[in-house]
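What follows is a single structure, written as structure tokens, with notes after it.
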Amino acid sequence: MAPPSELQIVDGCIAVLRFASADVMNPMLDPISDRVDGPIKNRQGHNFPKAEMTQPELARVLPKNVQYSVRYVIACVKGNAQTLRHELCHARYYTNEEYRAEGRTNRSDPDAYRSKGSNADGAQIAMSVFPAADARPGGPASGVPEDVPTLDPSFLWLAKVNRVWADVLTDKQRVYIAAFMGRLGYKEDVHVDEFQAYCLTEPANFFGIDVSDALEELQPLRALANS
């Protein structure tokens, strides 16, 4: 019997699952995503940290030989490149932990992001998701597939996203976008993550308001996400 999804391991820590259809994907993954993000209807893709999975879910979704190394899981229907790009943005956001923390503790200090990104360790973390490196052993498939763009170390994903949310968007824009996310069913603690994923992969008018200043700041990331 064929497995319900195709599994690819990227950089040893990201599990990319491709399903034949949403009818197969959603019954398996909706319980996890609903718990993490909120009850979203008719999902086109999924993303969540492995840490959010129960042991039975882990056993059902991931082969035992990759369960230890995987840190984050994303899923989409095979051939849906738009959703794959969106979910990859979530993976990048989550795996750049140091920059996420820096973004939240130094919200009003743009220099903090630049200084953080100037050290070698910072560059290594920024490359932790999709390095332009040779394929590595460690799973059913590994390395960088053709449809997954590499992440340049100059793009400090979390630092830039959090700075744009805190310092470029106005209070009115943040309130509007938070309400927009709430209507979609997203929990408050994932609003910034969803903002960046939609902002980087959807048309400029997706939110229904002018966020051109934010889009200008995020253009390097938007170009990468849509490459």
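Here the structure is a predicted model, which means the values were calculated and not measured.
- Screening residues 169-197 for ring-ring contact (aromatic ring centres under 6.0 Å, His included), with sequence neighbours left out, gives Trp165-Phe195, Phe180-Phe206, Phe180-Phe207, Phe195-Phe207.
- Under the side chain to side chain donor-acceptor pair (under 3.5 Å) criterion, Lys187 pairs with no residue, sequence neighbours left out.
- Closest approach of Asn47 and Ser33 over heavy atoms only: N-OG, 4.3 Å.
- Between the OG atom in Ser212 and the CD atom in Gln219 there is a gap of 12.0 Å [rounded to 0.5 Å].
- Put simply, the side chain of Lys64 never gets that close to the backbone of Ala59: no donor and acceptor are under 3.5 Å apart.
- In this structure a side-chain-to-backbone donor-acceptor pair under 3.5 Å is missing from Arg71 to Pro49.
- For Glu216, the side-chain contact (heavy atoms from CB on, under 4.5 Å) criterion is met by no residue, not counting sequence neighbours.
- Across Met53 and Leu58, no two heavy atoms sit closer than the pair CE-CA, 3.7 Å.
- At a threshold of 4.5 Å between non-hydrogen side-chain atoms, the residues Val77 and Arg18 do not count as touching.
- Under the ring-ring contact (aromatic ring centres under 6.0 Å, His included) criterion, the residue pairs touching residues 36-82 are Tyr72-Tyr94, with sequence neighbours excluded.
- Remark: Cys89 SG to Glu194 CD distance equals 10.0 Å, nearest 0.5 Å.
- Taking CD from Glu87 and CD from Gln44, the interatomic distance works out to 10.0 Å, rounded to the nearest 0.5 Å.
- Listed by chain and number, the residues in a side chain to side chain donor-acceptor pair (under 3.5 Å) with Asn42 amount to none (sequence neighbours excluded).
- Pairs engaging residues 21-34 under the salt bridge (charged side-chain N to carboxylate O under 4.0 Å, His left out) rule: Asp30-Arg43, Asp34-Arg43 [sequence neighbours left out].
- Leu17 and Ser5 get closest at one heavy-atom pair: CD2-OG, 3.7 Å.
- Taking both residues in full, the closest heavy atoms of Pro27 and Ala22 are given as CD-O, 3.8 Å, listed atom of the first, atom of the second, then distance.
- Residues passing the side-chain contact (heavy atoms from CB on, under 4.5 Å) test with Gln173 are Leu169, Thr170, Ile209, Val211, sequence neighbours excluded.
- Side chain of Gln82 to backbone of Thr201: a donor-acceptor contact under 3.5 angstrom is found.
- Not counting sequence neighbours, Val175 has no partner by the side-chain contact (heavy atoms from CB on, under 4.5 Å) test.
- Looking at Gln8, its side chain never comes within 3.5 Å of a backbone N or O of Ala15 through a donor-acceptor pair.
- Cys199 and Leu218 make their closest contact through SG-CD1, 4.0 Å (heavy atoms, listed as atom of the first residue, atom of the second, distance).
- Judged as a side chain to side chain donor-acceptor pair (under 3.5 Å), and not counting sequence neighbours, the contacts of Asp193 are His90, Gln196.
- Within the 4.5 Å cutoff, side-chain heavy atoms of Ile9 are placed close to those of Leu7.
- Between Leu84 and Ile74 the shortest side-chain heavy-atom distance falls below 4.5 Å.
- Proximity of Val168 to Arg163: side-chain heavy atoms (C-beta onward) are separated by under 4.5 Å at one or more points.
- Distance CD1/Ile14 to NZ/Lys50: 11.5 Å, rounded to 0.5 Å.
- A donor-acceptor pair under 3.5 Å is absent between the side-chain atoms of Lys78 and the main chain of Phe19, judged by distance alone.
- Between the side chain of Asn80 and the backbone N or O of Thr83, at least one donor-acceptor pair lies under 3.5 Å.
- For Glu57, the side chain to side chain donor-acceptor pair (under 3.5 Å) criterion is met by Arg35, Thr54, not counting sequence neighbours.
- What you find for Val190 and Val36 is that their closest heavy atoms are CG1-O, 3.9 Å.
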